[in-house]
2 protein chains.
Amino acid sequence: MMREAEDVFHKHLRKVGLKHTEQRDVILRTFVETRDHLSTDELFRLVKKKDAGIGFTTVYRTLKLLTECGLASEVAFHDGVARYEHQFYRRSHHHMVCTNCGSSVEFFSPEIEKVEKDIGKKHHYRTTRHSFQVFGICENCSKAEDNGR
Amino acid sequence: MMREAEDVFHKHLRKVGLKHTEQRDVILRTFVETRDHLSTDELFRLVKKKDAGIGFTTVYRTLKLLTECGLASEVAFHDGVARYEHQFYRRSHHHMVCTNCGSSVEFFSPEIEKVEKDIGKKHHYRTTRHSFQVFGICENCSKAEDNGR
DNA sequence: TTATCTGCAAAGCATTTGCAGCACA
DNA sequence: TGTGCTGCAAATGCTTTGCAGATAA
């Protein structure tokens with residue numbers, strides 16, 4: 001998986017005439033090996049542990065590159081920061097976020113894909129993507145609330 | 001409709017011990033009579049046409065108040081600005097946004113409500129709301145693209 | 001009278017960009 | 001050898017807050 005991600009990334013770099021650098025590789029590897037929804041800043045902190053010399057700007061710009069070549073995609077948790085997750089070999093999925101503690105679960109829902117298609121057809125839009133998140137309170141937080149009473 | 005919106009707003013103000021001012025009324029009226037998805041800044045510009053003395057901050061804070069009492073709700077178009085729409089007497093609905101020209105259409109989809117409920121139950125979340133948007137290219141922009149070739 | 005409101009200006013914050021020196025090809 | 005890269009610092013753009021004078025109750 002890591003190998004293939006690197007392949008995709010390096011091909012993309014060559015294709016658009018950009019260079020292959022040590023920093024970009026470190027950032028890609030850190031991103032792919034993390035199973036989470038990272039903000040630019042969170043990824044930056046992880047990258048710094050491996051190579052303290054890499055700056056925020058480089059992480060920020062590399063994340064854009066990863067998004068361009070389809071390795072990363074933005075997910076909106078509506079908490080004021082952009083988050084990214086890796087899209088390598090992953091089925092289309094969605095997130096449910098706990099508005100109390102910020103934890104999230106992923107789920108798959110073919111119905112949603114169907115709604116996108118149907119609505120596009122109905123209104124003559126050529127749809128490209130959609131965004132769907134569910135918000136609520138997770139089991140743990142619900143319990144904690146009850147105990148607090 | 002305007003009358004009822006004012007009622008809800010004034011009751012809310014009294015309830016939380018806030019005052020009824022001319023500015024707040026102008027902002028409410030402007031907001032309710034506009035059928036659109038307004039950013040704070042857009043609403044501010046409309047309000048200024050009626051009363052040039054009203055400042056951005058007041059619009060911003062009043063929009064928060066309207067959201068608190070359920071008259072407004074935030075919609076995410078993912079373009080970096082917060083947008084609001086009025087919720088008075090409106091069925092739950094969603095948006096499809098053209099990523100080229102920014103225009104949008106509204107649609108209703110009971111399936112989405114069902115998915116929220118089902119997923120919440122499955123993962124033991126007490127769901128409170130969800131966010132769903134479809135993105136694509138509208139008919140006009142598609143045509144314009146074709147003509148451009 | 002007095003607590004709240006208003007509008008200005010300034011602060012916050014995440015994101016983006018300009019630039020001088022560095023590194024890959 | 002030269003174009004692109006890096007990281008710093010500063011700019012940007014939207015959102016939020018502090019404050020002194022104004023206003024509703």
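All chains are named by letter (A, B, ...) in the order of the sequence lines, taking the proteins before the strands, and each is independently numbered beginning at 1.
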Starting at atom CG of B:D79, determine the distance to atom P of D:dC14, rounded to an integer number of angstrom. 10 Å
NZ/NE/NH1/NH2 to OD/OE distance under 4.0 Å, A:R83 and A:E42: yes
Expressed as a whole number of angstroms, how long is the span from A:H10:NE2 to C:dC24:C1'? 13 Å
Between the base of C:dA23 and the side chain of A:K19, is there any donor-acceptor pair under 3.5 Å? no
DNA chain D-proximal residues of residues 46-64 of chain A, any heavy atom under 4.0 Å: A:G53, A:I54, A:G55, A:T57, A:T58, A:R61
Measure across B:Y125 and A:G136 and return the closest heavy-atom pair with its distance rounded to 0.1 Å. CD2-C, 4.2 Å
Select from B:H20 and B:A82 the residue whose nearest nucleotide in DNA chain D is closer to the 5' end of that strand. B:A82
Between B:D25 (CG) and D:dA24 (C1'), how many Å, whole number? 13 Å
Rounded to the nearest Å, what distance is computed from the CD atom of residue B:E42 to the C1' atom of nucleotide D:dC14? 13 Å
Let me know the distance between CD of B:E22 and C1' of C:dG7, rounded to the nearest Å. 16 Å
Under 4.0 Å between a side-chain nitrogen and a carboxylate oxygen: does that hold for B:R29 and B:E6? yes
Base, sugar-phosphate, or nothing for B:Q23, non-hydrogen atoms under 4.0 angstrom? sugar-phosphate
What is the distance, rounded to the nearest whole Å, between atom CZ of A:R24 and atom C1' of D:dC5? 6 Å
Please test A:H86 against A:E33 for side chain to side chain donor-acceptor pair (under 3.5 Å), starting from the C-alpha separation and ending with a verdict. CA-CA 9 Å; A:H86 53 98; A:E33 74 192 20; over 6 Å; no
Answer with yes or no whether the side chains of B:Q133 and B:H94 bring together a donor and an acceptor at under 3.5 Å. no
Charged N to carboxylate O under 4.0 angstrom, A:K64 versus A:E74? no
Length of the line joining B:L13:CG and D:dT23:P, which is rounded to integer Å: 19 Å
For B:D41 and D:dT16, what is the distance between atoms CG and P respectively, to the nearest whole Å? 14 Å
Of the non-hydrogen atoms in B:V59 and B:T40, which two are nearest, and what is the gap between them? CG1-O, 3.9 Å
